Structures are given as structure tokens and as C-alpha cells.
Trainee: 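First the structure, which I've put down as C-alpha cells, then a few questions once you've had a look.
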Amino acid sequence: TGAAQGIGRAYAFALARAGAHVIASSRSMGAMTPGDVPAEGSLAQTVALARAEGLPVEGMICDVGDEAQIDRLAKEIIGNHGRIDVIINNAATYPGAHTNPNFDALKMTSEDWDLYMRVNVTGPYFMIARLAPFMIPQGAGSIVNVTSSAGSGSTFGSADHYGMMGYAVSKAALNRMTMFFAEEFRQYNIAVNILDPGSVMTAAWRAVPHEMKDEYLRTGKSKLADEASMGGHIVHLAQQTAQGLTGQMLKADLFGESWP
């Protein structure tokens with residue numbers, strides 16, 4: 001999910017290059033520019049770039065904040081392909097450019113709170129609930145939920161605290177849900193893991209206020225990676241079953257060092 005740009009697109013390409021037939025999803029295909037060229041950062045562009053490289057990447061529209069759209073996506077995938085082997089829950093809503101560095105956690109609106117929970121927690125839950133049952137009879141599968149260090153804790157005044165309460169709470173909930181599913185699906189040989197991609201030079205990262213980015217990097221919470229370097233760890237996790245790596249929270253920038 002969330003494959004129109006950034007990390008999601010990088011993951012889709014990495015998996016396709018490794019031999020997977022990838023269903024890349026996003027809220028819309030995106031607008032076309034004059035000359036029928038897909039707009040920058042659109043799902044249509046992801047599919048077009050993949051096609052130019054000869055990669056098996058198929059675009060499907062799905063807003064993970066809408067349960068009915070998840071139901072439709074699951075039916076289309078199984079109807080068209082008959083199976084599902086890997087789920088990457090990457091789509092998320094993030095504070096981004098509208099974050100006020102002096103954000104007061106007591107002033108969050110119910111609309112903001114509901115959006116974080118609907119997209120970052122409820123969406124991944126229903127993606128798993130609708131697709132994992134097709135993995136069970138296969139006796140294998142892998143689910144990767146993409147999280148953030150903000151979901152593990154923060155210090156007042158730090159970059160993962162500024163304006164991040166709704167986002168951080170949603171990611172903490174995603175982390176706990178992942179661990180629950182890891183135990184639930186162990187008997188079916190389905191791996192369920194959490195991946196923290198760290199700070200990656202994407203459009204979302206560029207939109208974060210400078211004071212947040214500077215402090216985050218200064219404290220060494222993460223190395224700043226680029227999208228092109230995001231392939232190895234996601235391919236490795238996609239290849240896991242419960243007989244291998246499962247129920248783990250893993251940092252992408254430590255791939256090849258502390259794991260696998």
C-alpha cells in the first residue's frame with residue numbers, strides 16, 4: 001500500500017525486481033499531465049516507470065482508510081491472481097508540513113485523531129483481516145507493517161515528539177497489533193514483522209519542518225537514506241515465514257549489521 005511514491009514505490013520496484021508480481025496500491029491513480037504523461041508522485045507514474053523497466057507492477061486504487069475499498073481490493077486480487085503471498089502495509093498519514101513545532105497535544109481535533117487511527121491502524125488491520133485468510137491454506141506467507149521510531153517513544157522537545165502524538169500513538173498501536181498477529185499466525189507459518197525504515201529522503205521527509213529534521217539527524221536516531229537503497233531489507237522480509245524471522249521490530253538502517 002502507499003505505492004504512489006517514496007518508500008512504497010521503492011518497495012514495489014525492489015519486490016518486482018526480485019521476481020514478485022506486485023500489486024501497487026494508492027488512493028488514486030493520479031492526474032495525467034498534458035500529453036498523457038502521469039503526474040509526478042502518482043500511482044500511474046509508478047506503473048509507467050515499472051512498465052518501462054519491464055517490471056510486473058500492477059496498479060490498483062485503494063484508500064486504506066475506507067474498509068469497503070479494502071474489501072474490493074482483496075476480491076480483485078484473489079479474483080485475478082488466486083493467491084496472496086506478501087502484504088506490505090506501508091500507507092500512512094503523517095504530520096508533514098502542517099506540523100507546528102510548538103504543537104499542543106491537548107488541542108488535537110477529533111477529525112485529526114480519527115484520521116491517524118483510521119489510516120495507520122484500522123487500514124492495516126483490515127488489509128490483514130481480508131487477505132491473510134488466503135495465506136492460511138497456502139501454509140506460508142509474510143506480512144510487513146511499516147512503522148516509525150515515533151511509535152516506540154519520545155522525549156519532550158525531541159523531533160519525534162513535536163506535533164507527533166496522533167501519529168506516534170497510531171504507530172505504537174500498529175506495533176502491538178503486529179506482535180499479536182505474529183503469535184496468531186505462527187501456527188500457519190505466516191511471518192509478521194515490523195519494519196522501521198528510518199529517515200528516508202522522500203517528498204514526505206522534505207515537507208517536515210527543518211527544526212524537526214535537523215534535531216532528528218543530530219541526535220543520531222537514524223541515518224538519512226535514499227529511496228534507491230530501500231530494497232534489500234524488504235525483499236528479505238518478504239521471503240520470511242514463521243519458521244524464520246517473525247514477531248520482530250527491525251530497523252532498515254541496521255540491515256546487514258544486526259540483522260538478518
Side-chain angles (χ1 to χ4, degrees), residues 1-3 7-8 10-12 14-15 18-25 62 64-65 67 70-71 73-74 77-78 81 83-93 116-153 167-198 230-256 258-260:
T1 63
I7 295 171
Y11 287 164
L15 292 166
H21 182 99
V22 177
I23 306 299
S25 72
C62 181
V64 300
E67 184 182 351
I70 294 175
D71 289 344
L73 177 71
I77 291 172
I78 299 305
H81 301 284
R83 63 183 296 124
I84 179 78
D85 299 287
V86 181
I87 303 169
I88 311 292
N89 280 314
N90 170 72
T93 188
Y116 282 122
M117 298 306 151
R118 188 172 71 252
V119 175
N120 297 357
V121 184
T122 308
Y125 170 77
F126 280 112
M127 287 294 292
I128 295 170
R130 296 296 182 266
L131 289 170
F134 296 99
M135 292 179 169
I136 291 173
Q138 296 168 190
S142 179
I143 299 169
V144 182
N145 290 329
V146 180
T147 190
S148 164
S149 60
S152 302
Y167 178 75
V169 171
S170 71
K171 287 301 185 179
L174 179 68
N175 294 348
R176 181 65 189 93
M177 183 173 72
T178 304
M179 296 305 184
F180 190 96
F181 273 129
E183 293 307 314
E184 185 84 3
F185 292 154
R186 192 181 297 273
Q187 62 186 313
Y188 304 118
N189 198 31
I190 298 170
V192 191
N193 290 293
I194 307 166
L195 177 64
D196 178 359
M230 303 303 289
H233 54 264
I234 200 66
V235 171
H236 181 79
L237 287 176
Q239 294 170 335
Q240 299 304 301
T241 67
Q243 296 178 38
L245 201 62
T246 192
Q248 302 296 311
M249 181 183 292
L250 303 159
K251 291 182 69 66
D253 60 8
L254 295 179
F255 180 69
S258 63
W259 72 283

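Reckoned from all heavy atoms, side chains included, excluding hydrogens, waters and symmetry mates. Remember, it's a predicted structure, so these values are computed and weren't measured experimentally.
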Trainee: Is the Y11 ring parallel, tilted or perpendicular to the H233 ring (thresholds 30°, 60°)?
Mentor: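 Taking H233 first and then Y11, their aromatic rings stand perpendicular (interplane angle over 60°).
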
Trainee: Would you say the side chain of N120 lies within less than 4.5 Å of the side chain of L174, judging by non-hydrogen atoms?
Mentor: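 No; the side chains remain at least 4.5 Å from each other.
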
Trainee: Assign the ring pair Y188 / F185 to parallel, tilted or perpendicular, where the plane angle (0 to 90°) is split at 30° and 60°.
Mentor: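 Because their plane-to-plane angle lies in the 30° to 60° range, the rings of Y188 and F185 count as tilted.
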
Trainee: Which pairs of donor and acceptor atoms, one on a side chain in residues 125-145, lie under 3.5 Å apart (sequence neighbours left out)?
Mentor:
from	atom 1	to	atom 2	distance (Å)
R130	NE	D71	OD1	2.4
R130	NH2	E67	OE2	2.7
Q138	NE2	I84	O	3.1
Q138	NE2	D85	OD1	3.4
S142	OG	L237	O	2.7
N145	OD1	N89	ND2	2.9
N145	ND2	T178	OG1	2.8

Trainee: Does any part of the side chain of L250, heavy atoms only, come nearer than 4.5 Å to the side chain of F255, both counted from C-beta?
Mentor: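 No, side chains not in contact.
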
Trainee: Under the 3.5 angstrom rule, does the side chain of D196 hit a backbone N or O of S148 as a donor-acceptor pair?
Mentor: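 Judged by distance alone, no pair lies under 3.5 Å.
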
Trainee: Quick check for you: to the nearest 0.5 Å, what is the distance between R83 atom CZ and I77 atom CD1?
Mentor: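 Rounded to the nearest 0.5 Å, the CZ-CD1 separation comes to 13.0 Å.
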
Trainee: Closest heavy-atom contact between G231 and A14?
Mentor: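 Looking at all heavy atoms of both residues, the closest pair is CA-CB, 3.5 Å.
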
Trainee: Less than 4.5 Å apart, side chain to side chain, heavy atoms only: is that true for V146 and P197?
Mentor: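 Touching, per the 4.5 Å side-chain cut-off.
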
Trainee: CG/L195 to CD/Q248 distance, rounded to the nearest 0.5 angstrom?
Mentor: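 Going from CG on L195 over to CD on Q248, the span is 12.5 Å.
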
Trainee: Check whether T147 reaches the backbone of N175 with its side chain - one donor and one acceptor, N or O, closer than 3.5 Å.
Mentor: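 Side chain of T147 to backbone of N175: no pair is present.
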
Trainee: Kindly say whether Q243 contributes a backbone atom to a donor-acceptor pair with the side chain of N189 at under 3.5 angstrom?
Mentor: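 Indeed, once roles are kept as given, a pair shorter than 3.5 Å links the two residues.
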
Trainee: Could you list the residues that satisfy side-chain hydrogen bond (donor to acceptor under 3.5 Å, both in side chains) with R186, not counting sequence neighbours?
Mentor: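 With neighbours one apart ignored, the set is E183.
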
Trainee: Shortest non-hydrogen contact from G151 to A172?
Mentor: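 What the structure gives for the nearest pair is O-CB, 3.3 Å.
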
Trainee: Give a yes or no answer on whether the side chain of N90 reaches the backbone of G2 with a donor-acceptor pair at less than 3.5 Å.
Mentor: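 Present.
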
Trainee: With rounding to the nearest 0.5 angstrom, report the CG to OG1 distance, N193 to T246.
Mentor: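 N193 atom CG to T246 atom OG1 measures 5.0 Å (nearest 0.5 Å).
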
Trainee: Under a 3.5 Å distance rule, please check whether T122 uses its side chain to pair with a backbone N or O of M117 as donor and acceptor.
Mentor: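 Such a contact is found between T122 side chain and M117 backbone.
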
Trainee: Any side-chain heavy atom of E184 sitting closer than 4.5 Å to one from I190?
Mentor: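 In short, these two side chains do not touch, never coming nearer than 4.5 Å.
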
Trainee: Tell me the closest heavy-atom pair linking V22 and A12, and the distance in Å.
Mentor: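 Where V22 meets A12 most closely, the heavy atoms are CG2-O, 3.6 Å.
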
Trainee: For Q240, give me all partners under side-chain hydrogen bond (donor to acceptor under 3.5 Å, both in side chains), at least two apart in sequence or on another chain.
Mentor: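 With sequence neighbours excluded, Q240 shows a side-chain hydrogen bond (donor to acceptor under 3.5 Å, both in side chains) to H236, given in chain and number order.
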
Trainee: P124 and M177: which non-hydrogen atoms are nearest, and at how many Å?
Mentor: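 Here P124 and M177 meet closest at CB-CE, 3.9 Å.
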
